[in-house]
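Below: one structure, written as C-alpha coordinates.
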Amino acid sequence: MALIVQKYGGSSVADTDSITRVARRIVETKKAGNDVAVVVSAMGDTTDDLIDQAMSIDSNPPAREMDMLMTAGERISMSLLAIAIHAAGLHAYSFTGSQAGFLTDAQFGTAHIKAVKPKRVRRALDKGCVAIAAGFQGVNEGGDATTLGRGGSDTSAVALAVALGADICEIYTDVDGIFTADPRIVPTAKRIPSIDYESMLEMASCGSKVLALRCVEYAQRFRMPLHVRSSFSHRVGTLIVPDGVDPASLPNLG
(Lines give C-alpha, C1' and ligand atoms only; values in the text may rest on other atoms or scores of the structure.)
Protein backbone atom coordinates (compact mmCIF):
# COMPACT_ATOMS: atom_id res chain seq x y z
CA MET A 1 0.00 0.00 0.00
CA ALA A 2 1.24 3.47 -0.91
CA LEU A 3 0.23 6.91 0.30
CA ILE A 4 -0.41 9.02 -2.79
CA VAL A 5 -1.20 12.72 -2.96
CA GLN A 6 -3.02 13.71 -6.15
CA LYS A 7 -3.45 17.29 -7.32
CA TYR A 8 -6.09 18.26 -9.89
CA GLY A 9 -5.95 21.62 -11.62
CA GLY A 10 -8.79 23.84 -12.74
CA SER A 11 -9.07 22.32 -16.22
CA SER A 12 -9.43 18.87 -14.65
CA VAL A 13 -12.42 19.96 -12.53
CA ALA A 14 -13.91 22.51 -14.92
CA ASP A 15 -17.49 21.21 -14.63
CA THR A 16 -19.50 18.53 -12.84
CA ASP A 17 -18.83 15.93 -15.55
CA SER A 18 -15.09 16.52 -15.13
CA ILE A 19 -15.39 16.30 -11.35
CA THR A 20 -17.20 12.97 -11.70
CA ARG A 21 -14.41 11.69 -13.97
CA VAL A 22 -11.78 12.79 -11.44
CA ALA A 23 -13.73 11.10 -8.65
CA ARG A 24 -13.65 7.82 -10.61
CA ARG A 25 -9.87 8.04 -10.93
CA ILE A 26 -9.48 8.70 -7.21
CA VAL A 27 -11.75 5.75 -6.42
CA GLU A 28 -9.67 3.53 -8.74
CA THR A 29 -6.50 4.56 -6.92
CA LYS A 30 -8.08 3.92 -3.54
CA LYS A 31 -9.50 0.53 -4.55
CA ALA A 32 -6.04 -0.48 -5.79
CA GLY A 33 -5.04 -0.49 -2.12
CA ASN A 34 -3.59 2.99 -1.73
CA ASP A 35 -4.31 5.76 0.74
CA VAL A 36 -5.26 8.89 -1.20
CA ALA A 37 -5.12 12.56 -0.27
CA VAL A 38 -6.20 15.07 -2.90
CA VAL A 39 -5.44 18.74 -3.47
CA VAL A 40 -7.83 20.52 -5.79
CA SER A 41 -7.91 23.86 -7.58
CA ALA A 42 -10.96 26.01 -8.30
CA MET A 43 -13.16 24.97 -11.21
CA GLY A 44 -12.03 26.25 -14.61
CA ASP A 45 -11.81 30.05 -14.69
CA THR A 46 -13.52 30.57 -11.33
CA THR A 47 -10.61 32.44 -9.75
CA ASP A 48 -10.26 34.80 -12.72
CA ASP A 49 -14.01 35.40 -12.69
CA LEU A 50 -13.92 36.30 -8.99
CA ILE A 51 -11.05 38.72 -9.59
CA ASP A 52 -12.95 40.35 -12.46
CA GLN A 53 -16.03 40.79 -10.28
CA ALA A 54 -13.99 42.41 -7.53
CA MET A 55 -12.23 44.74 -9.95
CA SER A 56 -15.55 45.81 -11.44
CA ILE A 57 -16.48 47.13 -8.00
CA ASP A 58 -13.12 48.56 -6.91
CA SER A 59 -9.99 48.84 -9.05
CA ASN A 60 -7.88 48.71 -5.87
CA PRO A 61 -9.63 46.24 -3.57
CA PRO A 62 -8.25 45.44 -0.10
CA ALA A 63 -5.76 42.57 -0.26
CA ARG A 64 -7.28 40.81 2.75
CA GLU A 65 -10.74 40.77 1.18
CA MET A 66 -9.37 39.59 -2.16
CA ASP A 67 -7.80 36.57 -0.48
CA MET A 68 -11.02 35.87 1.38
CA LEU A 69 -12.88 36.05 -1.94
CA MET A 70 -10.50 33.88 -3.92
CA THR A 71 -10.49 31.04 -1.40
CA ALA A 72 -14.17 30.51 -2.26
CA GLY A 73 -13.34 28.82 -5.58
CA GLU A 74 -11.54 25.85 -4.06
CA ARG A 75 -14.26 25.42 -1.43
CA ILE A 76 -16.73 24.79 -4.23
CA SER A 77 -14.59 22.28 -6.12
CA MET A 78 -13.45 20.37 -3.03
CA SER A 79 -17.02 19.97 -1.76
CA LEU A 80 -18.35 18.83 -5.13
CA LEU A 81 -15.47 16.36 -5.47
CA ALA A 82 -16.21 14.92 -2.02
CA ILE A 83 -19.86 14.54 -3.00
CA ALA A 84 -18.85 12.80 -6.26
CA ILE A 85 -16.63 10.36 -4.36
CA HIS A 86 -19.50 9.59 -1.99
CA ALA A 87 -21.72 8.97 -5.03
CA ALA A 88 -19.08 6.54 -6.33
CA GLY A 89 -19.28 4.51 -3.13
CA LEU A 90 -16.41 5.77 -0.96
CA HIS A 91 -16.23 8.18 1.97
CA ALA A 92 -14.44 11.51 1.59
CA TYR A 93 -13.86 14.59 3.70
CA SER A 94 -13.03 18.02 2.28
CA PHE A 95 -10.95 20.61 4.13
CA THR A 96 -10.15 24.25 3.51
CA GLY A 97 -6.50 25.24 3.56
CA SER A 98 -6.73 26.31 7.19
CA GLN A 99 -8.57 23.11 8.19
CA ALA A 100 -5.91 21.06 6.41
CA GLY A 101 -3.21 22.80 8.43
CA PHE A 102 -1.53 25.08 5.87
CA LEU A 103 0.11 27.82 7.93
CA THR A 104 1.49 30.77 5.97
CA ASP A 105 3.08 34.17 6.43
CA ALA A 106 0.93 37.29 6.28
CA GLN A 107 1.62 38.30 2.67
CA PHE A 108 -1.84 38.41 1.08
CA GLY A 109 -1.92 37.25 -2.52
CA THR A 110 1.57 35.75 -2.55
CA ALA A 111 1.82 34.01 0.83
CA HIS A 112 4.52 31.44 1.53
CA ILE A 113 3.89 28.22 3.41
CA LYS A 114 5.62 28.24 6.79
CA ALA A 115 4.39 24.85 8.00
CA VAL A 116 1.82 22.16 7.25
CA LYS A 117 0.16 20.40 10.19
CA PRO A 118 -2.35 18.06 8.53
CA LYS A 119 -3.88 16.49 11.63
CA ARG A 120 -7.43 16.38 10.26
CA VAL A 121 -6.21 15.07 6.90
CA ARG A 122 -4.30 12.31 8.67
CA ARG A 123 -7.34 11.37 10.77
CA ALA A 124 -9.47 11.06 7.63
CA LEU A 125 -6.86 8.82 6.00
CA ASP A 126 -6.58 6.69 9.14
CA LYS A 127 -10.34 6.12 8.96
CA GLY A 128 -9.93 4.74 5.44
CA CYS A 129 -11.43 7.82 3.78
CA VAL A 130 -10.22 10.03 0.96
CA ALA A 131 -9.03 13.43 2.25
CA ILE A 132 -9.48 16.45 -0.02
CA ALA A 133 -7.69 19.73 0.70
CA ALA A 134 -8.25 23.05 -0.99
CA GLY A 135 -5.13 24.12 -2.85
CA PHE A 136 -3.72 27.63 -3.21
CA GLN A 137 -4.69 28.73 0.30
CA GLY A 138 -3.83 28.72 3.97
CA VAL A 139 -4.14 30.78 7.11
CA ASN A 140 -1.77 33.26 8.75
CA GLU A 141 -0.99 33.71 12.44
CA GLY A 142 -3.80 36.23 12.74
CA GLY A 143 -6.36 33.68 11.51
CA ASP A 144 -6.92 35.38 8.16
CA ALA A 145 -7.25 33.39 4.94
CA THR A 146 -4.29 33.76 2.59
CA THR A 147 -3.55 32.66 -0.98
CA LEU A 148 -0.26 31.48 -2.44
CA GLY A 149 -0.31 33.14 -5.85
CA ARG A 150 -0.32 31.58 -9.30
CA GLY A 151 0.58 27.90 -9.28
CA GLY A 152 -0.09 27.77 -5.56
CA SER A 153 -2.08 24.54 -5.74
CA ASP A 154 0.96 22.69 -7.09
CA THR A 155 2.98 23.92 -4.12
CA SER A 156 0.13 23.00 -1.75
CA ALA A 157 0.14 19.45 -3.09
CA VAL A 158 3.89 18.97 -2.68
CA ALA A 159 3.85 20.52 0.80
CA LEU A 160 1.01 18.22 1.86
CA ALA A 161 2.81 15.19 0.40
CA VAL A 162 5.93 16.07 2.37
CA ALA A 163 3.99 16.66 5.60
CA LEU A 164 2.18 13.32 5.25
CA GLY A 165 5.31 11.40 4.25
CA ALA A 166 3.67 10.36 0.99
CA ASP A 167 5.36 8.00 -1.44
CA ILE A 168 4.66 10.21 -4.45
CA CYS A 169 2.83 13.39 -5.45
CA GLU A 170 0.84 13.15 -8.69
CA ILE A 171 0.14 16.42 -10.52
CA TYR A 172 -2.81 15.98 -12.89
CA THR A 173 -3.20 18.50 -15.68
CA ASP A 174 -4.50 18.72 -19.26
CA VAL A 175 -1.33 17.44 -20.98
CA ASP A 176 0.25 13.97 -20.91
CA GLY A 177 3.37 14.96 -18.98
CA ILE A 178 6.42 17.13 -19.64
CA PHE A 179 7.31 17.60 -23.32
CA THR A 180 10.28 19.01 -25.22
CA ALA A 181 7.90 21.82 -26.30
CA ASP A 182 4.25 22.67 -25.81
CA PRO A 183 2.45 19.82 -27.66
CA ARG A 184 -0.56 22.08 -28.22
CA ILE A 185 1.65 24.38 -30.30
CA VAL A 186 4.38 22.01 -31.59
CA PRO A 187 2.81 18.73 -32.81
CA THR A 188 6.24 17.04 -33.05
CA ALA A 189 7.07 17.66 -29.37
CA LYS A 190 8.24 14.54 -27.54
CA ARG A 191 7.17 13.42 -24.08
CA ILE A 192 10.01 13.17 -21.56
CA PRO A 193 9.55 9.90 -19.60
CA SER A 194 11.61 11.04 -16.58
CA ILE A 195 13.59 14.13 -15.64
CA ASP A 196 15.67 15.37 -12.72
CA TYR A 197 14.82 18.36 -10.54
CA GLU A 198 17.53 20.65 -11.93
CA SER A 199 16.37 20.19 -15.53
CA MET A 200 12.75 20.72 -14.49
CA LEU A 201 13.68 23.88 -12.58
CA GLU A 202 15.44 25.20 -15.66
CA MET A 203 12.38 24.51 -17.81
CA ALA A 204 10.07 26.15 -15.25
CA SER A 205 12.29 29.24 -14.97
CA CYS A 206 12.33 29.54 -18.78
CA GLY A 207 8.55 29.69 -19.00
CA SER A 208 7.28 26.12 -18.94
CA LYS A 209 3.79 26.37 -17.47
CA VAL A 210 3.21 22.72 -16.56
CA LEU A 211 4.65 23.09 -13.06
CA ALA A 212 5.15 26.14 -10.86
CA LEU A 213 8.76 26.95 -9.98
CA ARG A 214 8.07 26.99 -6.23
CA CYS A 215 6.48 23.55 -6.49
CA VAL A 216 9.60 22.02 -8.05
CA GLU A 217 11.89 23.78 -5.57
CA TYR A 218 9.85 22.41 -2.66
CA ALA A 219 9.92 18.90 -4.12
CA GLN A 220 13.67 19.06 -4.63
CA ARG A 221 14.30 20.32 -1.09
CA PHE A 222 12.46 17.35 0.41
CA ARG A 223 13.23 14.79 -2.35
CA MET A 224 9.53 14.24 -3.06
CA PRO A 225 9.01 12.35 -6.36
CA LEU A 226 6.52 14.02 -8.70
CA HIS A 227 4.43 12.37 -11.39
CA VAL A 228 2.99 14.75 -13.99
CA ARG A 229 0.17 13.20 -16.01
CA SER A 230 -3.14 13.98 -17.67
CA SER A 231 -6.47 13.66 -15.91
CA PHE A 232 -8.03 13.03 -19.33
CA SER A 233 -6.10 9.82 -20.11
CA HIS A 234 -4.25 6.98 -18.42
CA ARG A 235 -0.97 7.57 -20.24
CA VAL A 236 2.13 7.20 -18.10
CA GLY A 237 3.18 10.88 -18.05
CA THR A 238 6.52 12.16 -16.73
CA LEU A 239 8.34 11.34 -13.50
CA ILE A 240 10.48 13.93 -11.73
CA VAL A 241 12.72 12.00 -9.37
CA PRO A 242 15.67 12.54 -7.03
CA ASP A 243 19.09 11.28 -8.07
CA GLY A 244 19.50 7.60 -7.33
CA VAL A 245 15.77 6.79 -7.34
CA ASP A 246 14.64 4.18 -9.85
CA PRO A 247 11.44 5.45 -11.51
CA ALA A 248 10.20 1.85 -11.76
CA SER A 249 10.22 1.60 -7.96
CA LEU A 250 7.56 4.31 -7.55
CA PRO A 251 3.88 3.43 -7.03
CA ASN A 252 0.89 3.71 -9.35
CA LEU A 253 2.60 4.08 -12.71
CA GLY A 254 -0.27 2.49 -14.63
Side-chain angles (χ1 to χ4, degrees), residues 5-10 13 37-43 45-83 85 91-127 129-166 169 212-215 217-219 221-222 224:
V5 172
Q6 298 183 338
K7 180 262 176 177
Y8 293 92
V13 292
V38 179
V39 172
V40 66
S41 298
M43 297 170 66
D45 296 324
T46 298
T47 300
D48 289 336
D49 291 342
L50 291 172
I51 293 172
D52 289 344
Q53 290 180 57
M55 298 298 285
S56 72
I57 297 171
D58 184 350
S59 61
N60 186 30
R64 178 189 182 277
E65 302 311 323
M66 285 299 293
D67 270 16
M68 186 69 78
L69 175 67
M70 287 191 289
T71 58
E74 282 75 19
R75 292 181 69 132
I76 295 169
S77 56
M78 73 182 194
S79 301
L80 290 174
L81 182 56
I83 291 167
I85 291 170
H91 293 290
Y93 289 93
S94 64
F95 303 102
T96 65
S98 61
Q99 290 172 332
F102 286 90
L103 309 177
T104 76
D105 60 23
Q107 185 63 48
F108 294 115
T110 55
H112 286 77
I113 296 171
K114 296 174 65 176
V116 183
K117 300 180 179 180
K119 295 179 181 178
R120 296 185 69 180
V121 172
R122 176 65 72 183
R123 284 202 298 268
L125 294 174
D126 289 346
K127 291 168 62 176
C129 302
V130 175
I132 305 167
F136 175 65
Q137 61 182 254
V139 63
N140 63 28
E141 290 183 359
D144 288 323
T146 56
T147 64
L148 307 181
R150 291 293 180 183
S153 290
D154 289 349
T155 307
S156 297
V158 175
L160 182 61
V162 170
L164 291 172
C169 179
L213 184 63
R214 274 198 290 174
C215 157
E217 290 173 338
Y218 206 114
R221 188 184 317 150
F222 294 99
M224 175 57 61

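Here, residue 1 is the first one in the sequence, and each next residue gets the next number. Values in this document were obtained by computation on a predicted structure and should not be read as measured data.
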- ring pair (Phe, Tyr, Trp, His ring centres under 6.0 Å) with H91: which residues, sequence neighbours excluded? H86

- Item | Residues forming a side chain to side chain donor-acceptor pair (under 3.5 Å) with Y93, sequence neighbours excluded | K127

- In this structure, CZ of R122 is separated from CG of L160 (nearest 0.5 Å) by 9.0 Å

- Message: So which atom in S77 and which in V13 form the shortest heavy-atom distance, rounded to 0.1 Å?
- Response: CB-CG2, 4.5 Å

- Query: Which residues satisfy the ring pair (Phe, Tyr, Trp, His ring centres under 6.0 Å) test with F136, sequence neighbours excluded?
  - Reply: none

- Task: Might you work through the side-chain contact (heavy atoms from CB on, under 4.5 Å) test for T47 and T147, ending with a clear yes or no?
- Result: CA-CA 11 Å; T47 300; T147 64; over 6 Å; no

- Using the test side-chain contact (heavy atoms from CB on, under 4.5 Å), find all partners of I83 that sit at least two apart in sequence or belong to another chain. none

- Taking every heavy atom of A100 against every heavy atom of V121, the minimum-distance pair comes out as CB-CG2, 4.0 Å

- Could you tell me which non-hydrogen atom of M43 sits nearest to which non-hydrogen atom of L80, and how far apart they are? SD-CD1, 3.8 Å

- Note on the structure: So salt bridge (charged side-chain N to carboxylate O under 4.0 Å, His left out) across residues 143-162, not counting sequence neighbours, yields K7-D154, D48-R150, R64-D144

- Message: Which heavy atom of G149 sits nearest to which heavy atom of R214, and what is that distance?
- Response: N-NH2, 4.4 Å

- Message: Can you confirm whether L103 sits close enough to V139 that some side-chain heavy atom of one is under 4.5 Å from a side-chain heavy atom of the other?
- Response: yes

Listed pairs under 3.5 Å, donor-acceptor, residues 49-60 side chains, sequence neighbours left out:
unit_1, atom_1, unit_2, atom_2, d
S56, OG, Q53, O, 2.6
D58, OD1, N60, N, 2.8

- Note on the structure: Across all chains, not counting sequence neighbours, the side-chain contact (heavy atoms from CB on, under 4.5 Å) partners of T104 are A111, N140, T146, L148

- Query: Heavy atoms, side chains only, cut-off 4.5 Å: are V130 and V38 in contact?
  - Reply: yes

- Query: Which pairs count as salt bridge (charged side-chain N to carboxylate O under 4.0 Å, His left out) when at least one residue sits in residues 102-120, sequence neighbours excluded?
  - Reply: K114-E141

- Who pairs with T155 by side chain to side chain donor-acceptor pair (under 3.5 Å), at least two apart in sequence or on another chain? none

- V162: partners by side-chain contact (heavy atoms from CB on, under 4.5 Å), with sequence neighbours left out: V158, Y218, F222, M224

- Message: Quick check: closest heavy atoms across A42 and G73, and the distance to 0.1 Å?
- Response: CB-C, 3.6 Å

- Query: With A134, which residues qualify under side-chain contact (heavy atoms from CB on, under 4.5 Å), at least two apart?
  - Reply: E74, M78, Q137

- Item | F102 to A133 - nearest heavy-atom pair and separation | CE1-CB, 4.4 Å

- Task: Enter the distance from I113:CD1 to S156:OG here, rounded to the nearest 0.5 Å.
- Result: 5.0 Å

- Message: What's the separation between atom CD1 in I85 and atom CD1 in I132, rounded to the nearest 0.5 Å?
- Response: 4.0 Å

- Note on the structure: Sorted by chain and number, sequence neighbours left out, side chain to side chain donor-acceptor pair (under 3.5 Å) with S94 holds for none

